[in-house]
Amino acid sequence: MKKIFCSLVFILIFVSSAAANVRAFGNFRAEVPAGWNGELQGSTLVIKNPSANASIAIAFNKMGKADLSDIVERLYIQMDGRDLEQDEDGDYSFSFVNTAGAESVALVTGGDGYYLVISMSGFEDENLTSDFEKILDSIDWED
C-alpha cells in the first residue's frame with residue numbers, strides 16, 4: 001500500500017510539473033509551450049522557441065479615447081506594414097519585417113477598453129505550427 005501511495009504521489013508531482021506554463025500579463029494570460037521561454041517585458045509577454053528563431057510577442061494596452069482603427073493605423077505606419085486586412089470580426093492583420101530582419105505578421109484586436117497586438121515571426125516553420133496554434137488559442141482574458 002505504501003508503494004502504491006508513493007507511486008501515486010510521484011505521478012502527481014510529475015504531471016503537475018509537466019503541465020502547461022501559463023503566464024499572466026496585465027488582464028490576460030497565455031500558455032508557454034514546453035521548452036519555450038516566456039518572459040514578461042513590461043506589458044508584453046515574449047515567448048520564444050528553444051532555438052530563438054521563432055517568437056510571439058503579445059502586448060496589451062488601454063485604448064484610451066482612440067478607436068481600434070486609429071491604433072492600427074499608427075502601428076501600421078510605425079512598423080512599416082504591408083497587406084493590411086480586416087476580418088469579419090473587426091480584427092486587423094498586416095505583415096512587416098521586425099528589427100531582426102525577420103518576416104513577421106501582426107494581429108491586432110480590441111475590446112473592453114483594451115487592445116492586443118500579437119506579433120509573430122518564424123511561423124513559416126511547419127514544425128512549430130502546433131506550438132504557435134497552442135499559444136494563440138490559449139490567450140485569454142483573466143477575470
Side-chain angles (χ1 to χ4, degrees), residues 4-143:
I4 293 172
F5 177 74
C6 288
S7 296
L8 286 174
V9 168
F10 176 75
I11 290 170
L12 288 174
I13 291 171
F14 176 75
V15 168
S16 66
S17 68
N21 178 12
V22 176
R23 298 294 304 262
F25 56 108
N27 294 335
F28 300 90
R29 63 178 172 258
E31 180 180 320
V32 178
W36 287 55
N37 179 32
E39 179 181 311
L40 288 172
Q41 297 176 359
S43 62
T44 303
L45 175 62
V46 178
I47 303 172
K48 294 181 182 179
N49 73 330
S51 57
N53 64 346
S55 66
I56 292 184
I58 307 163
F60 81 97
N61 206 339
K62 290 184 178 183
M63 291 181 72
K65 295 182 181 192
D67 66 17
L68 190 59
S69 64
D70 294 334
I71 292 166
V72 169
E73 183 179 344
R74 280 184 273 156
L75 290 169
Y76 186 74
I77 292 168
Q78 287 174 349
M79 298 165 85
D80 196 20
R82 37 181 220 291
D83 304 324
L84 178 63
E85 294 181 12
Q86 183 179 20
D87 68 16
E88 63 277 356
D89 295 326
D91 300 328
Y92 295 85
S93 64
F94 59 88
S95 300
F96 68 101
V97 176
N98 71 13
T99 56
E103 189 62 37
S104 304
V105 67
L107 310 171
V108 187
T109 187
D112 295 328
Y114 289 90
Y115 68 94
L116 280 177
V117 179
I118 304 166
S119 59
M120 301 180 293
S121 62
F123 53 88
E124 315 83 14
D125 186 340
E126 292 180 11
N127 297 321
L128 301 175
T129 300
S130 67
D131 286 332
F132 274 106
E133 288 174 355
K134 284 178 195 172
I135 295 167
L136 291 172
D137 290 343
S138 74
I139 298 170
D140 195 20
W141 177 261
E142 205 171 61
D143 294 327

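Keep in mind that this is a model prediction, so the values were computed, not measured.
- The side chain to side chain donor-acceptor pair (under 3.5 Å) test applied to Ser51 returns Asn49, Asn53, not counting sequence neighbours.
- A salt bridge (Lys or Arg N to Asp or Glu O under 4.0 Å) check over residues 40-53, counting only residues at least two apart or in different chains, returns nothing.
- Annotation: Gln41, atom CD; neighbour count of heavy atoms from other residues, nucleotides and ligands within 6.0 Å is above 12.
- Here OG of Ser138 is found 12.5 Å from CZ of Phe28. Values are rounded to the nearest 0.5 Å.
- A distance-only check finds a donor-acceptor pair linking the side chain of Ser43 to the backbone of Phe60 [under 3.5 Å].
- Closest of all the heavy-atom pairs between Ala59 and Thr44 is CB-OG1, 3.4 Å.
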Please list every donor-acceptor pair under 3.5 Å in which a side-chain atom of residues 69-80 meets a protein atom from a residue at least two apart or in another chain.
from, atom 1, to, atom 2, distance (Å)
Ser69, OG, Asp67, OD1, 2.9
Tyr76, OH, Gly81, O, 3.4

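- Counting heavy atoms from C-beta outward, Leu107 and Asp91 have side chains that stay 4.5 Å or more apart.
- Qualifying side chain to side chain donor-acceptor pair (under 3.5 Å) partners for Asp131, counting only residues two or more places apart in sequence or in other chains: Trp36.
- For residues 55-66, the side-chain hydrogen bond (donor to acceptor under 3.5 Å, both in side chains) pairs, not counting sequence neighbours, are Ser55-Ser121.
- Nearest heavy-atom pair across Gly110 and Leu68 is N-CD2, 3.7 Å.
- The two atoms that bring Phe96 and Val105 nearest to each other are CE2-C, 3.6 Å, heavy atoms only.
- Sequence neighbours left out, the pairs with a member in residues 96-119 that pass salt bridge (Lys or Arg N to Asp or Glu O under 4.0 Å) are Arg82-Glu103.
- Nearest approach of Ser104 to Ala102, heavy atoms of both residues: OG-O, 3.1 Å.
- Under the side-chain contact (heavy atoms from CB on, under 4.5 Å) rule, Met120 has a single partner from Ile58, Leu136, Ile135, which is Leu136.
- Residue Glu31 holds its CD atom at 9.5 Å from CG of Asp137, rounded to the nearest 0.5 Å.
- The nearest pair of heavy atoms linking Asp83 to Ser95 is OD2-OG, 4.2 Å.
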